[in-house]
Every structure is written in C-alpha cells, then in structure tokens.
Amino acid sequence: QVQLVESGGGLVQAGGSLRLSCAASGRTFNNYAMGWFRQAPGKEREFVAHIPRTFRTTYYADSVEGRFTIPKDNAKNTVYQRMNSLKPEDTAVYYCAAKMRGGFYSDYRNYDFWGQGTQVTVSS
C-alpha cells in the first residue's frame, strides 16, 4: 500500500507556471513507476506524464510535450510535475498515481494507487 498526497495546484494566468508535488508514504516509493493524469469537467481522465521506476526516460502526452516535466526525487519520496507555458485548456484536476503492475503507462486502469487530486485553473 502507498499513500499519495498532491499539492501545488492553484489559479494561474495563461503563460504562467506551476509546480505540483506528489508526496508518497507507505511502501518503498522507488518500487513504483509514477504518472500524472488530469480530468476536466465532463471529460475522461487523460494521461499527462509518466516516469518509469528505473528513471531511464520519461513520457508525455502530445498536448504537454515540451511544456511539462516529471522529475522524481526518491530521497524525498516525491514526484513533481513542472508545468510551464500553461494554457486555459490545461485546466483540470490533476492526479498522481503509482504503478507496479504491467500494462501500458498511459492507461489509467494500469495504476494501483491514486492521490486525491489538486485543482489547476488557467485563466485566459
């Protein structure tokens, strides 16, 4: 079992930046791959970013490629999402998730544990 707590959401103007944090507790953090997803009102939960357990590379949705990054700090049991050049269409509740099972990283059904979410609102 691992518990995830997101923080860092808020209101920002278009073009601005935010950094989300996801603090983990419980079982060994570095046994899990980590992902960020988001869900806007009336829309399905969508993949944003993923960092594998081994750190060898990271993966991003096309819509955020070049603007978002997903650094991970195993010493602090924390994964971050740095978001730059934010757009109104980035407005959503953002969730971090931990993945131990197999399956494709962009499918939210393959993640084992979820945080409660943090709201990000980008004004135009």
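Here the structure is a predicted model, which is why all the values come from computation and not from measurement. Quick note: numbers below take in every heavy atom, side chains included, and nothing from hydrogens, waters or symmetry partners.
- Taking 4.0 Å as the cut-off between side-chain N and carboxylate O, Lys99 and Asp112 do not count as a salt-bridged pair.
- Between the side chain of Trp36 and the main chain of Tyr80, a donor-acceptor pair closer than 3.5 Å is present.
- Thr54 places no side-chain N or O within 3.5 Å of a backbone atom of Pro52 that could act as its donor or acceptor partner.
- Rounding to the nearest 0.5 Å gives a distance of 5.0 Å between CG of Leu4 and CE of Met34.
- Applying the disulfide (SG to SG under 2.5 Å) test to every pair with at least one member in residues 41-87, sequence neighbours left out, gives no pairs at all.
- Put simply, the side chain of Asn110 gets close to the backbone of Phe104: a donor and an acceptor are under 3.5 Å apart.
- Taking hydrophobic clusters as Ile, Leu, Val, Met, Phe, Trp and Tyr residues chained together by side-chain heavy-atom distances below 4.5 Å, Tyr111 does not share a cluster with Met100.
- Counting only distance, with no hydrogens or angles, the side chain of Arg101 and the backbone of Arg109 share a donor-acceptor pair below 3.5 Å.
- For the pair Arg45 and Tyr95, the cation-pi criterion (under 6.0 Å, within 45° of the ring axis) is fulfilled.
- Cluster membership check: Val93 shares its hydrophobic cluster with Tyr108, using side-chain heavy-atom separations under 4.5 Å among Ile, Leu, Val, Met, Phe, Trp and Tyr.
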For a quick test of your reading: what N or O donor-acceptor pairs under 3.5 Å do the side chains of residues 13-21 make, sequence neighbours left out?
residue, atom, partner, partner atom, Å
Ser17, OG, Asn84, OD1, 2.9

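- Tyr105 meets the ring pair (Phe, Tyr, Trp, His ring centres under 6.0 Å) test with Phe47, His50, Tyr59; sequence neighbours excluded.
- Residue Val122 is grouped with residue Val48 when hydrophobic side chains (ILVMFWY) are merged at heavy-atom distances under 4.5 angstrom, including chains of intermediate members.
- Remark: the backbone N or O of Glu6 is paired with a side-chain donor or acceptor of Gln116 at under 3.5 angstrom.
- Open room surrounds CZ on Arg53; 12 or fewer heavy atoms of other groups in view lie less than 6.0 Å from it.
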